[in-house]
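These notes are about the structure you will find just below.
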Amino acid sequence: QVQLVESGGALVQAGGSLRLSCTGSGRTFSEYTMGWFRQAPGKDREFVAALGRIALYIKYGDSAKGRFTISRDNAKNPVYLQMNSLKPEDTAVYYCAAAPTFGVNAARYDYWGQGTQVTVSS
């Protein structure tokens, strides 16, 4: 029903920036809340950011506030995660996800991309 593909992950130095993209397809893609999550080795999946169908609904995880920005083009495809002032602890696989309603819990999201690796060196 909804298929998501992430891109933009790379190896960067601390303090650098990356922009991740999430490209979706499917009949109902534009109707979904879009979220970004990440998972580091040995860690639980962590909420990063979410953008609702309506621009009023925006939420960031504590680690992302002030550094990351989630956005969507006018056609609501693709969805971006702009990451600035990257730190080594940001190293993780980043996942794009889609949910029928706005939220920050991974269980709320029904569709997931395959992930893209972000590595931040010291």
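Atom set for the values below is all heavy atoms of this structure, side chains included, hydrogens, waters and symmetry mates excluded.
- Residue-environment remark: CD (Q13) stays at or below the threshold of 12 foreign heavy atoms within 6.0 Å.
- Ring geometry for Y57 versus F102: interplanar angle of 30 to 60°, hence tilted.
- Rounding to the nearest 0.5 angstrom, the gap separating the CG atom in L4 from the CD atom in Q114 is 9.0 Å.
- In this structure, E6 contributes its side chain and C96 its backbone to a donor-acceptor pair below 3.5 Å.
- With rounding to the nearest 0.5 Å, the separation of OH in Y80 from CG in D73 is 5.5 Å.
- Of all heavy-atom pairs spanning W36 and C22, the tightest one is CZ2-CB, 3.7 Å.
- When the side chain to side chain contact (heavy atoms under 4.5 Å, CB included) test is applied to S85, the partners found at least two apart in sequence or on another chain are R67.
- Separation of the Y111 and Y32 ring centroids falls under the 6.0 Å cut-off.
- Listed here is the closest heavy atom pair of L51 and S71: CD2-C, 3.8 Å.
- Distance alone, capped at 3.5 Å, is enough to place a donor-acceptor pair between the Y60 side chain and the I70 backbone.
- Transitive grouping of hydrophobic side chains (ILVMFWY, heavy atoms separated by less than 4.5 Å) brings Y109 and V104 into a common cluster.
- Counting only heavy atoms from C-beta outward, the side chains of S17 and V12 never approach each other to under 4.5 Å.
- When each of L86, L18, N84 is checked for a side-chain contact (heavy atoms from CB on, under 4.5 Å) with F68, only L86 meets the rule.
- The two residues T116 and G9 make their nearest non-hydrogen contact at OG1-N, 3.1 Å.
- Judged purely by atom type and a 3.5 angstrom limit, T91 uses its side chain to pair as donor or acceptor with the backbone of V120.
- The shortest non-hydrogen separation linking G103 to A50 is O-CB, 3.9 Å.
- Inspection of the T33 and R53 side chains reveals no N or O donor paired with an N or O acceptor under 3.5 Å.
- Looking at residues two or more places apart in sequence or on another chain, you find a side chain to side chain contact (heavy atoms under 4.5 Å, CB included) between R45 and F37, Q39, A106, W112.
- Atom CZ of F47 sits about 7.5 Å away from atom NZ of K59, to the nearest 0.5 Å.
- With Y94 as the fixed residue, the side chain to side chain donor-acceptor pair (under 3.5 Å) test singles out one of R38, E46, Q117: R38.
- Side-chain contact between L81 and V48 is present, with heavy atoms from C-beta onward closer than 4.5 Å.
- A pairwise comparison of heavy atoms in L20 and G8 identifies CD2-C, 3.5 Å as the closest pair.
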From CA spacing to verdict: side-chain contact (heavy atoms from CB on, under 4.5 Å), M83, V118:
CA-CA 10 Å; M83 304 187 294; V118 172; 3.9 Å; yes

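- Shortest non-hydrogen contact noted between P100 and D110 is CD-OD2, 3.2 Å.
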